[in-house]
Amino acid sequence: LISADVVTADGRLVTASADEHSELFWGLRGGGGNFGVVISMEFQLHEVGPNLVAGPLFYPREQGRDAFRFARDRAASQPDELICHLGVVTAPDGAQLSALIPVYVGSITDGERAIEPLRQFGPPAADMAGPIPYQALQSLFNAAYPTGLRNYWKAAFIGELPDDLIDLMVESYAGTPSPYAALLLEQCGGAVNRVGASETAFPHRNAAYNVVITTAWDDPSSDERNIQWVRDTWNQFSPFLDDSVYVNYLNEQRLEGGNRVRAAYGPNYERLAALKQQYDPRNLFRHNQNIAPVTV
């Protein structure tokens, strides 16, 4: 992000950038819709494609114990162009599967070479990794989240991925009541970890993975059962989780509590609250993961 045009709570139109309203520019990069209405943004673009190498490698759920260790142990030697998420999901035929989900942003030749070590774990039940358009990558899992379903999820960052959490992840999925449930480990690292914790509003720069526990269902009578599965799984995972979270993965505040918003911003929260006081002292923009204004 190079700059943003913002309508503030008092109706002013300002441009935020590194040179103009720089503190607002800092807060916009991770601070959500707390400071104004962004009506336009200027980006530095990076060329991708037309194709890149991406797609899941699926294994029977139980093989996730070894497959996830295999991918984790190779994460430190990955090039920046490669990322590999890990997940446990349900296939359309009802089979529970563990998945390695690599994405390589670069040439097809380099991408095929980069993901080949992941294939060396063993023959997958289904190998869907290969050259695809960047736009296709963005919609890769749309079918797993049909419009109109009820949903509930919880998430947190982890600084390391221990064997015990891998085992728990694979085992706990067996009891999910919904075929739309997913347990995901979204890999961090690379350039994300080379930005300082105070350089943007988003501070969690040392995370190894983002842990996501999510489910969806269509029958309101199943609310309690599905929500409870997420909460029970969360409680099992809690000893391994950091007190930090990605703000876009928070539920409504009535379900999460105000401390979870603080956890999203960690050491940057007080600075963001002071910025809120400057640009929105009456908390007009409050229908969000709210940062309350405070005078410091």
Side-chain angles (χ1 to χ4, degrees), residues 1 18 22-23 25-32 34 44 46 64 67-88 100-106 114 117-118 153-170 182-214 233-251 256-275 289 291:
L1 183 65
S22 58
E23 187 71 359
F25 182 63
W26 172 84
L28 291 176
R29 291 177 294 162
N34 275 283
Q44 176 188 347
H46 301 270
F68 295 167
R69 286 173 170 80
F70 185 88
R72 175 202 61 192
D73 294 345
R74 282 151 183 77
S77 60
Q78 286 179 199
D80 273 4
E81 292 83 1
L82 176 65
I83 196 168
C84 185
H85 292 351
L86 315 175
V88 191
L100 308 183
I101 313 169
V103 175
Y104 185 90
V105 181
L118 295 175
W153 55 9
K154 294 180 79 67
F157 290 106
I158 53 174
E160 60 181 3
L161 178 56
D163 288 348
D164 287 349
L165 180 55
I166 288 175
D167 292 341
L168 183 59
M169 181 176 172
V170 173
L183 298 179
L184 301 172
L185 294 170
E186 298 177 330
Q187 188 184 8
C188 304
V192 173
N193 294 109
R194 291 196 290 271
V195 176
S198 63
E199 289 185 43
T200 70
F202 175 80
H204 306 301
R205 299 292 181 171
N206 294 321
Y209 292 89
N210 189 33
V211 180
V212 185
I213 307 167
T214 178
T233 305
W234 171 262
N235 289 336
Q236 290 178 298
F237 283 20
S238 288
F240 304 99
L241 306 178
D242 295 344
D243 183 24
S244 58
V245 62
Y246 180 40
V247 69
N248 281 2
Y249 285 174
L250 286 175
N251 260 300
E256 293 277 6
N259 288 338
R260 291 289 284 161
V261 176
R262 284 183 171 270
Y265 298 112
N268 292 337
Y269 185 85
E270 298 302 330
R271 183 177 172 185
L272 288 163
L275 183 65
Q289 302 298 346
I291 298 169

NZ/NE/NH1/NH2 to OD/OE distance under 4.0 Å, Asp243 and Arg262: no
Between CG on residue Asn248 and CG on residue Asn210, distance to nearest 0.5 Å: 10.5 Å
Non-hydrogen side-chain atoms of Phe68 and Leu165 separated by less than 4.5 Å: no
Which atom of Pro162 lies closest to which atom of Glu160, heavy atoms considered: CD-O, 3.3 Å
Flag, side chain of Gln187 to backbone of Cys84, donor-acceptor distance under 3.5 Å: yes
Pair Tyr209-Arg72, side chain to side chain contact (heavy atoms under 4.5 Å, CB included): steps then yes or no: CA-CA 10 Å; Tyr209 292 89; Arg72 175 202 61 192; 4.1 Å; yes
For Leu100 against Ala67, the heavy-atom pair lying closest together: CD2-O, 3.8 Å
Side-chain (Tyr265) to main-chain (Gly30) donor-acceptor, under 3.5 angstrom: yes
pair Trp26-Leu272: side-chain heavy atoms closer than 4.5 Å: yes
Interatomic spacing from CG in Leu275 to CD in Glu270 - rounded to 0.5 Å: 12.5 Å
Closest approach of Gln236 to Leu168 (non-hydrogen atoms, all atoms of both residues): O-CD2, 3.3 Å
Steps toward side chain to side chain contact (heavy atoms under 4.5 Å, CB included) verdict (His85, Leu184): CA-CA 7 Å; His85 292 351; Leu184 301 172; over 6 Å; no
Nearest heavy-atom neighbours spanning Pro203 and Ala264: CD-O, 3.6 Å
Main-chain N/O of Leu250 paired with Arg260 side-chain donor or acceptor, under 3.5 Å: no
Derivation of the side chain to side chain contact (heavy atoms under 4.5 Å, CB included) call for Tyr249 and Glu186: CA-CA 12 Å; Tyr249 285 174; Glu186 298 177 330; 2.8 Å; yes
Any Leu161 side-chain heavy atom under 4.5 Å of Leu86 side chain: yes
Candidate pair Trp234 and Leu241, rule side chain to side chain contact (heavy atoms under 4.5 Å, CB included), full reasoning: CA-CA 9 Å; Trp234 171 262; Leu241 306 178; 3.5 Å; yes
Over-ring placement of Arg74 relative to Phe70, 6.0 Å and 45° cut-offs: yes
Whether His204 side chain and Ala263 backbone form a donor-acceptor pair below 3.5 Å: yes
Contact check, side chains of Ile83 and Tyr104, non-hydrogen atoms, under 4.5 Å: no
Main-chain N/O of Gly159 paired with Asp242 side-chain donor or acceptor, under 3.5 Å: yes
Cation-pi check, Arg29 onto Phe25 ring (under 6.0 Å, within 45° of axis): yes
Leu183 side chain near Phe237 side chain, heavy-atom distance below 4.5 Å: yes
Separation between CG of Asn34 and CD1 of Ile291, rounded to the nearest 0.5 Å: 4.0 Å
Under 3.5 Å donor-acceptor, Asn268 side chain and Ala201 backbone: yes
Expected output: side-chain Asn251 to main-chain Trp153 donor-acceptor under 3.5 Å: yes
Heavy-atom closest contact (Phe157 atom, Tyr246 atom, distance): CE1-N, 3.4 Å
Ile158 side, atom CD1; Leu185 side, atom CG - distance, nearest 0.5 Å: 5.5 Å
